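In what follows, a structure is listed as structure tokens, so that the remarks can point back to it.
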Number of protein chains: 2
Amino acid sequence: MSSKKKNDCEPNAISCAMCGAQSQNIICATSPGIPEALEKSKINCRYKRDQVIFYADNDPLGLFFVQRGLVKLERVSEDGAAHTLRIVGPGGILGYRSLFADEAYHATAIAVDEVELCFVPKADILNVFKSHPDVALRLLNHVAKDLRLAEERWVDQMDKGAPERIAEALIFLQDHFHSQTWTRREIAEWAGTTPETVMRTLAQFEKEGLIDQSGRQIQILNKDSLKAKASL
Amino acid sequence: MSSKKKNDCEPNAISCAMCGAQSQNIICATSPGIPEALEKSKINCRYKRDQVIFYADNDPLGLFFVQRGLVKLERVSEDGAAHTLRIVGPGGILGYRSLFADEAYHATAIAVDEVELCFVPKADILNVFKSHPDVALRLLNHVAKDLRLAEERWVDQMDKGAPERIAEALIFLQDHFHSQTWTRREIAEWAGTTPETVMRTLAQFEKEGLIDQSGRQIQILNKDSLKAKASL
DNA sequence: CGTGTTATTGAAGTGTATCAAATTGCGTGG
DNA sequence: CCACGCAATTTGATACACTTCAATAACACG
């Protein structure tokens, strides 16, 4: 029955008890009782590639828990250039920055592939905070790590050249989202450069025996040398 | 008695009750009773320009509350280039990202001018969390905003040219730390460019009547036009 | 009053974006 | 299942904003 409609939010499509371990996020996994508390208010949703989960400048309504697939948070500048801020996979959460900063979304969330997630309204999340104070500390820990990544990325953008950032991007994308193929454009939007530069750099890496490009598939042959190239 | 030693940490140099409103940070200002709880464990410290409060890669020992002066958080790359991540003034806190991420400092904290602050050990901070659960939410709010600023800065580094970033830097530094003069190098390290480029750009801004440079002092003449130049 | 730091200006080099065009590859619908 | 069409890839040529290096001048500090 749930497969009749597509890209629609349906209540209780997956019970919290059945939610795979892969989707155990820092809120649900914190302490027993929380999944049950959210069970009645959560709503399951599905999205296909390139569909938008939420748009920048809108106000957050709650949190999205990713159960399956990948979601990218991207920002598009006035002249149309897109940049990928974060990528969230199963077990990850979407919308927490804006919710807790009490600000509008500053990025747009887009499905990278077939995505399944569940939404919990703001009010219910805040209730969890009241009953489980340790959840706030876990989220604090998470956002603090995000902040380091963001600030490190800014300095990398200046100190390192495009080849180093692209090498870093390849390693990051493989480490975190192994079973995923990325377009040159997506790699560029993550590494902070252009598809053309990614292209030429990958060709160079292949010539040096660091990677192997079979069509759109990229295999890392020598991870250590690639790390060295990225100054990691 | 407290003025005999310099750059030394002395217990209870300023009581929390006497701490100026300017220094009311998001922890102490949250609810009554917290300052008293920290009173016995806090340690006051003083630093002069360019002195280091803590070094990158060291483990955090607690939190620093800025009472007077400015502190910059900077990261130095392998080739010696310094970049300013954040600037913290009176009422601000230092070291919270690393403490809550449970990571080493990823930046070095340096006094921009004469700085006065008080230090509270990690254990005492965690005690406050237990007795005042709402403090975690306030910190979460603060770090979430930091995260937006950091991510916005990364995209600005790519989308905007040096003149735009420098205009943005001038506005930011004036808005937040009005009574402070900055060297070209400091502006460059904040804007993500070089002192030479800052130099030439400021000369251009002056020619356009946007600012007025009397030696090291920079006056903003036309803030609206400067904002337009920064695409803000 | 010296001395080291900062400011200022000039010239040169370069990495990377930009633009353009051909080719490949993939998804979609017939 | 094949063919079509559009998007992604690939390659080349060009432009240029910015960094880098260098050398002088102005300034602040002890």
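Naming convention: chains lettered A, B, ... in sequence-line order (proteins, then strands); numbering from 1 in each chain. Since we're looking at a predicted model, the values are computed, not measured.
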Original post:
What string of B, S and - do you get for nucleotides 20-27 of chain C, 5' to 3', if B is base contact, S is sugar-phosphate-only contact and - is no contact with any protein heavy atom under 4.0 Å?
Top reply: --------

**OP:** Tell me whether the guanidinium CZ or amine NZ of A:Arg153 lies under 6.0 angstrom from the six-membered ring centre of A:Phe172 and within 45° of its axis.
**Re:** no

Write down the distance between [atom1] ([X]) and [atom2] ([N]), rounded to a whole number of angstrom.
X: A:Ile166; N: D:dT9; atom1: CD1; atom2: P; value: 13 Å
X: B:Arg200; N: D:dC16; atom1: CZ; atom2: P; value: 18 Å
X: B:Asp50; N: D:dG30; atom1: CG; atom2: P; value: 12 Å
X: B:Glu189; N: C:dT6; atom1: CD; atom2: C1'; value: 13 Å
X: B:Gln157; N: D:dT19; atom1: CD; atom2: C1'; value: 13 Å
X: A:Leu202; N: D:dT11; atom1: CG; atom2: C1'; value: 14 Å
X: B:Gln213; N: C:dA7; atom1: CD; atom2: C1'; value: 10 Å
X: A:Trp182; N: D:dA8; atom1: CH2; atom2: C1'; value: 16 Å

Original post:
A:Phe100: what forms a ring pair (Phe, Tyr, Trp, His ring centres under 6.0 Å) with it, not counting sequence neighbours?
Top reply: A:Phe129

**OP:** Report the nucleotide, chosen from D:dT19, C:dA17, C:dA7, that has the shortest atom-to-atom distance to any side-chain atom of B:Thr183.
**Re:** C:dA7

Original post:
So which nucleotide from C:dA17, D:dT10, C:dT8 ends up closest to the side chain of B:Met199?
Top reply: C:dT8

Ignoring backbone atoms, test whether [X] places a side-chain nitrogen or oxygen under 4.0 Å from the OP1 or OP2 oxygen of [N].
X: B:Thr193; N: D:dC18; result: no
X: B:Arg184; N: C:dT6; result: no
X: B:Thr197; N: D:dT19; result: yes

Original post:
Looking only at heavy atoms, which two atoms of A:Tyr47 and A:Val52 are closest? And how far apart?
Top reply: CE2-O, 3.6 Å

Subject >> Exercise: identify the closest heavy-atom pair between A:Leu73 and A:Ala109 >> reply: CD2-CB, 3.8 Å

**OP:** Please indicate whether A:Arg49 has more than 12 foreign heavy atoms, meaning atoms of other residues, nucleotides or ligands, lying under 6.0 Å from its CZ.
**Re:** yes

Subject >> From A:Lys207 atom NZ to A:Gln204 atom CD, the distance as rounded to the nearest 0.5 Å >> reply: 5.0 Å

Original post:
Hey, are A:His106 and B:Glu151 close enough side-chain-wise for a donor-acceptor pair under 3.5 Å?
Top reply: yes

